[in-house]
Amino acid sequence: EVSITKFPADERKIIAKAHDKYKKARAGIINTRHGQIHTPAFMPVGTKGTVKAMLPESVQTTGADIILGNTYHLMLQPGAKRVFKLGGLHKFMNWSKPLLTDSGGFQVMSLSKLRKITEEGVIFNSHIDGSKFMLSPESSTEIQYLLGSTITMAFDECTPYPSTYEQAKSSMELTSRWAKRSRKAFYSRDGYGQFGIIQGSIYNDLRLKSALDLIELDFEGYAIGGLAVGEGQELMFKVLDYAPDLLPINKPRYLMGVGKPADIIGAVQRGIDMFDCVIPTRSGRNGQAFTKYGVVNIRNSKYKEDNTPLEEDCLCPACKNYTKAYLHYLVKVKEILGAMLMTWHNLMYFQKLMLRIREYIAQGKDFDFIS
Ligand SMILES: CNc1nc2c(CCNCC3CCCC3)c3nc(N)[nH]c(=O)c3cc2[nH]1
Ligand SMILES: [Zn+2]
């Protein structure tokens with residue numbers, strides 16, 4: 001199903017090189033105005049100016065260097081201008097470390113009801129009160145500036161999966177035109193950055209064209225978009241076998257919306273540096289705990305008298321002070337503390353995974369452990 005298009009000779013070299021089985025994993029540090037980001041990095045999602053069920057200082061204790069804010073939600077409520085007037089998102093939510101905000105297009109397509117895509121941008125009705133809004137490369141970039149984002153994402157169109165070659169081509173070309181407008185609208189300041197997002201679905205020649213278009217705009221970093229949209233891990237890895245190598249080796253590479261531990265490990269091995277995913281927080285609230293023994297569905301009745309912690313050597317409050325029986329009970333009766341403790345444990349688990357990956361890479365050791 002993955003179409004491999006014949007490249008002219010010299011470009012074939014790029015793809016051929018990308019298939020080398022040489023070490024592509026890398027560990028590093030991104031320096032920003034709001035502090036350092038140790039990569040490979042997992043970025044917890046803070047949708048409406050909060051990482052759900054967590055205090056910012058608790059998120060910090062899990063080891064997260066950077067969290068995500070959400071342009072789409074915040075522009076609707078409380079409004080970007082109001083957040084700006086109140087001192088920006090860092091001050092508003094009391095998070096002083098780096099913040100990355102997505103450009104909002106992806107959320108519009110997944111959350112708002114009526115919407116219309118034009119060359120100008122996306123016109124949509126708020127899912128809250130139906131009022132009309134427009135997101136464009138210019139307005140998205142301005143909103144992210146008003147929020148005070150450390151890392152601003154270019155306004156893109158996430159190409160749905162599956163898409164025909166023609167659909168993916170015109171979608172990618174729209175993203176390239178929008179990237180140019182986003183770059184022009186970006187107010188560059190020391191220690192702040194803007195990332196371009198490449199599209200092209202599963203078509204390697206479109207991925208290459210997208211990368212070439214965005215490299216011309218000299219972004220501070222690059223994201224691989226249009227993945228984790230239902231294509232499955234195998235097809236995602238097929239794209240990741242070559243796509244990261246189309247991007248500048250000295251700039252951060254961010255795989256949007258990924259993922260489970262096994263997805264993260266596979267993507268790091270293919271050269272990805274940054275990740276964001278709602279899984280640890282959303283599934284935590286849902287009663288799923290990630291542990292070295294696998295995923296524990298704490299609502300399962302087998303835990304109702306289990307007096308042992310989720311993980312005996314985990315330093316999170318859930319594991320240090322409580323038992324699976326207590327977590328089982330809290331989640332069953334929908335107590336808020338249940339969401340808090342499960343979320344805290346999962347965020348700690350994901351950050352420990354990233355820490356171990358960074359250590360293994362630094363020691364030049366292979367990390368095939370799936371934990
Ligand atoms: C889950 N899979 C997935 N997510 C994608 C996302 C969203 C990443 N997560 C953003 C946070 C979630 C709530 C607040 C911000 C994508 N975003 C953009 N702009 N473009 C994609 O191609 C794009 C592609 C994505 N695929
Ligand atoms: Zn724990």
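Fair warning: this is a prediction, and the values are worked out from it, not measured in the lab. Both counts, for ligands and for their atoms, begin at 1 and track the order of listing. Note: hydrogens, waters and symmetry copies are ignored here, and every other heavy atom, side chains too, is used. Start at 1 with the first residue, then count along the sequence.
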Contact region, Ser103 to ligand 1, non-hydrogen atoms below 4.0 Å, reads side chain
task = Could you check whether the rings of Tyr72 and Phe124 sit parallel, tilted or perpendicular, using 30° and 60° as the cut-offs?
result = tilted
closest protein heavy atom to atom 19 (N) of ligand 1 is Asp102 OD1, 2.8 Å
shortest atom 2 (N) of ligand 1-to-protein heavy-atom contact is with Ala228 O, 2.8 Å
The closest protein heavy-atom partner of atom 23 (C) of ligand 1 is Phe106 CD1, 3.7 Å
d(Met109 CE, Leu135 CG) to nearest 0.5 Å is 11.5 Å
>> Does this structure show an ion pair linking Asp218 with Lys251, if we count only N-O contacts that are shorter than 4.0 Å?
In response: yes
### Task
Apply the test side-chain hydrogen bond (donor to acceptor under 3.5 Å, both in side chains) to residues Thr62 and Gln351: give CA-CA distance (whole Å), side-chain angles for both, the deciding distance (0.1 Å), then the verdict.
CA-CA 6 Å; Thr62 66; Gln351 292 303 334; 5.0 Å; no
For atom 22 (O) of ligand 1, the closest protein heavy atom turns out to be Gly226 N, 2.8 Å
Here the atoms of ligand 1 under 4.0 Å from any heavy atom belonging to Leu68 are 10 (C), 11 (C), 15 (C)
Tell me whether ligand 1 is touched by His73 - counting only heavy atoms on the residue side and a distance under 4.0 Å. no
Looking only at protein heavy atoms, what sits closest to atom 14 (C) of ligand 1 is Asn70 ND2, 3.3 Å
Exactly one of Arg183, Lys184, Lys180, Arg181 clears salt bridge (charged side-chain N to carboxylate O under 4.0 Å, His left out) with Glu138, and that residue is Arg181
The angle formed at the Zn ion (ligand 2) by SG of Cys314 and SG of Cys316 is about (to 10 degrees) 110°
Using the six-membered ring wherever Trp is involved, compare the ring planes of Tyr145 and Tyr187 and label them parallel, tilted or perpendicular (cut-offs 30° and 60°).
perpendicular
For atom 1 (C) of ligand 1, the closest protein heavy atom turns out to be Gly257 O, 3.5 Å
Q.
Within the structure, is a non-hydrogen atom of Leu227 found at a distance of less than 4.0 Å from ligand 1?
A. yes
The atoms of ligand 1 lying under 4.0 Å from a heavy atom of Cys158, numbered in the order shown, are 21 (C), 22 (O), 24 (C)
- Query: Counting distance only, does the side-chain N/O of Asp263 pair as donor-acceptor with the main-chain N or O of Lys260 below 3.5 Å?
  - Reply: yes
Quiz item: Would a line drawn from the ring center of Tyr192 to the ring center of His34 be shorter than 6.0 Å?
Solution: yes
Using the ring of each side chain (for Trp, its six-membered ring), is Tyr322 parallel, tilted or perpendicular to Tyr326, with breaks at 30° and 60°?
-> parallel
Atom 12 (C) of ligand 1 has as its nearest protein heavy atom Gln107 NE2, 3.7 Å
The side-chain contact (heavy atoms from CB on, under 4.5 Å) partner of Ile151 among Met43, Met274, Gln194 is Met274
Does Glu157 reach ligand 1, in the sense of a heavy atom lying below 4.0 Å from it?
-> no
The atoms of ligand 1 lying under 4.0 Å from a heavy atom of Ile197, numbered in the order shown, are 19 (N)
Closest to the Zn ion (ligand 2), among the N/O/S atoms of His345, is atom ND1
If we number the atoms of ligand 1 from 1 as shown, the ones under 4.0 Å from a heavy atom of Gly225 are 21 (C), 22 (O)
A student checking ligand 1 against Asp276 at a 4.0 Å heavy-atom cut-off should list atoms 8 (C), 9 (N), 10 (C), 11 (C)
Checking heavy atoms under 4.0 Å, the part of Gln199 that sits near ligand 1 is side chain
- Do NZ/NE/NH1/NH2 and the carboxylate oxygens of Asp190 and Arg33 come within less than 4.0 Å? no
for atom 20 (N) of ligand 1, nearest protein heavy atom and its distance come out as Asp156 OD2, 2.7 Å
What one should report as the nearest heavy-atom pair of Leu235 and Glu231 is CB-O, 3.5 Å
The answer for which part of Val258 has a heavy atom under 4.0 Å from ligand 1 is neither
Does the plane of the ring in Trp178 sit parallel, tilted or perpendicular to the ring in Phe155? Use 30° and 60° as the thresholds. tilted
